[in-house]
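Everything on this sheet refers to the single structure shown next.
Throughout, a chain's letter reflects where its sequence line sits, starting with A, and its residues are numbered from 1.
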2 protein chains.
Amino acid sequence: MPPRQSSDTSRGKAAVSDVYASMRAAILEGEMAPGARINIDAVSRSLGVSQTPVREVLQRLEGDNLVVYSPGRGYSTTPLLDLVELRSLFEFRLLVEPWAARAAAVDRLANPAAALEKELTGFRKTMKVTKDLRQDLVAHDTRFHDTILAASGNSVVRHAFGQTHCHLHTFRLYPADVDGAITVAEHSAVTDAIEACDPEGAEAAMTRHIRNSFDRFAQAFEGELAPLEEVGPPRKRIIK
Amino acid sequence: MPPRQSSDTSRGKAAVSDVYASMRAAILEGEMAPGARINIDAVSRSLGVSQTPVREVLQRLEGDNLVVYSPGRGYSTTPLLDLVELRSLFEFRLLVEPWAARAAAVDRLANPAAALEKELTGFRKTMKVTKDLRQDLVAHDTRFHDTILAASGNSVVRHAFGQTHCHLHTFRLYPADVDGAITVAEHSAVTDAIEACDPEGAEAAMTRHIRNSFDRFAQAFEGELAPLEEVGPPRKRIIK
DNA sequence: TTAACCAGATTCCTATATGATTTTGGCGCC
DNA sequence: GGCGCCAAAATCATATAGGAATCTGGTTAA
């Protein structure tokens, strides 16, 4: 973490805000390894602030599910997702994002097609020149999906989605380079349907995108949990 | 707020935990009015702790959407929901809860029917003797819905739902007594479908329950935003 | 009457200090 | 060689202190 880089000339007041941004970025970029203990004293000295604002930030990061707390033992970064959690996360995305895409594909000024096109065009250019494709892909993906959630007009859904920090958690699973081209193609399909004000098409395109995305990330667990052998439908009721 | 009532004999270590519970309860029970400023010094003295743990708790409560922060001006309790936010909240509930009810209505040991029956039976008894029906109804409703979310097996969905604090926010709108009988009847319908391992029926019953619940809470805004006059479908496209 | 201004007091926000708990390293014992 | 115990060090968690910003009320000028 860089030493504070305060927004106003140091010794100011925005310590908590700066520390939050720094620590969030450090966790997101893997600078703090998943599951590692966090030494409050080290962090505070590294950022040039006292321990008080660091502790406040840690409380907030716990609400963001970016750190976990053990009473008396302090804070650690959250460990990597296991396959069960990854499935839960993508089931949640399948619940809210296709709905949001449908809601965004309306013939109103809230339609986000222009912003999505701009985002896609910008990222296509970035892809050709960037030295850190993975980082840029995460940023693009985050903006793209949030734009659609915002256009849904439902702040509760948007906030709940944001709080899952799905991009952070999923991309921590995937240290290898990914083929941004596939993601861009799927994003294009979603954008086209939204631009055409086609709710059904937008919902379907988003559903396909998320399912494909899950398949790509689930490769990190290749072979870990082999599917159960087929047992057929249950023979009799076990409840009641 | 009572003066600390620490879990271990006071002067211990669980200050943050205690303070969090106290402040959360104070906001939930309306002891701290919606939109009111929070005086950190007053709270810390009232609870018998220093300002440090109080400030940490406030950061956490902000993540819970129970307080809002203005830099330099301190913290306030979140204001009451307006109609737009109430609609957003119930749209979110309509996205996740019917799905959870469907997921819970399975012929597996995760089926929560027994726990739901127990919860309902207990509340029916409580209704007859309680002096604070509203408080008990909130508690019952919270437990009932969380039980179903938990039984869905999806921790992300359950957590996202919990973070909305929908019971807190909606019941703050409703200082008047409510007829718990209606809620109990709808809960019974949901429970019966889950007990019968009827996913379609459980989903439908939950959808009906949430829609009815919205109608009841929306009465708080009676006449505030009259529906727009019917304008018919739009004549021509305005996007692109 | 209204608006602007300005000290005094309050309140926020960070820093530092201190007691309590956990971790670490080393030694003896089995 | 491995395991358990104990003191020292490190770390956590809260309390207290002080600088900086904001709010309050009273006064003056337009």
Query - Residue met sooner reading DNA chain C from 5', once A:S17 and A:G72 are mapped to nucleotides - result: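 The residue closer to the strand's 5' end, by nearest nucleotide, is A:S17.
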
Query - Residue B:P53, side-chain atoms from C-beta onward, closest of D:dT14, C:dT14, D:dA13 - result: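 That would be D:dT14.
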
Report summary line: Picking from C:dA15, D:dA15, D:dT14, the nucleotide nearest the side-chain atoms of B:V49 would be D:dA15

Identify the pairs formed between an N or O of the protein and an N or O of nucleotides 7-11 of chain C at a distance under 3.5 Å, and give each distance.
{"residue": "C:dT11", "atom": "OP1", "partner": "B:N39", "partner atom": "ND2", "Å": "3.0"}
{"residue": "C:dT11", "atom": "O5'", "partner": "B:N39", "partner atom": "ND2", "Å": "3.4"}

Requested in this report: Mark yes or no: B:R93 above the aromatic ring of B:F90, with NZ or CZ under 6.0 Å from the six-membered ring centre and no more than 45 degrees from the axis.
Outcome: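 Judged by the rule (NZ or CZ under 6.0 Å from the ring centre, within 45° of its axis), B:R93 counts as positioned above B:F90.
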
Whole angstroms only, please: what is the [atom1]-[atom2] distance between [X] and [N]?
X: B:Q51; N: D:dA13; atom1: CD; atom2: P; answer: 20 Å
X: A:R55; N: D:dT16; atom1: CZ; atom2: P; answer: 17 Å
X: B:E62; N: C:dC12; atom1: CD; atom2: P; answer: 14 Å
X: A:L58; N: D:dT14; atom1: CG; atom2: C1'; answer: 16 Å
X: A:E56; N: C:dC12; atom1: CD; atom2: C1'; answer: 11 Å

Query - Main-chain N/O of B:D18 paired with B:S22 side-chain donor or acceptor, under 3.5 Å - result: yes

Query - Heavy-atom donor-acceptor pair, B:E85 side chain to B:D82 backbone, under 3.5 Å - result: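 Flag set: sc B:E85 to bb B:D82 pair under 3.5 Å.
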
Query - Residues A:D64, A:R60: salt bridge by 4.0 Å N-O rule - result: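 Salt bridge between A:D64 and A:R60, a charged N being under 4.0 Å from a carboxylate O: no.
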
Query - Close side-chain approach of B:L120 and B:K118, heavy atoms under 4.5 Å - result: no

Query raised in the report: Any chance the side chains of B:D136 and B:H140 put a donor and an acceptor closer than 3.5 Å?
Result: no

Query raised in the report: Quick one: is D:dA13 close enough that its OP1 or OP2 comes under 4.0 Å of any side-chain N or O from A:Y69?
Result: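 Yes.
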
Query - Contact under 4.0 Å: B:T52 side-chain N or O vs D:dT14 OP1/OP2 - result: no

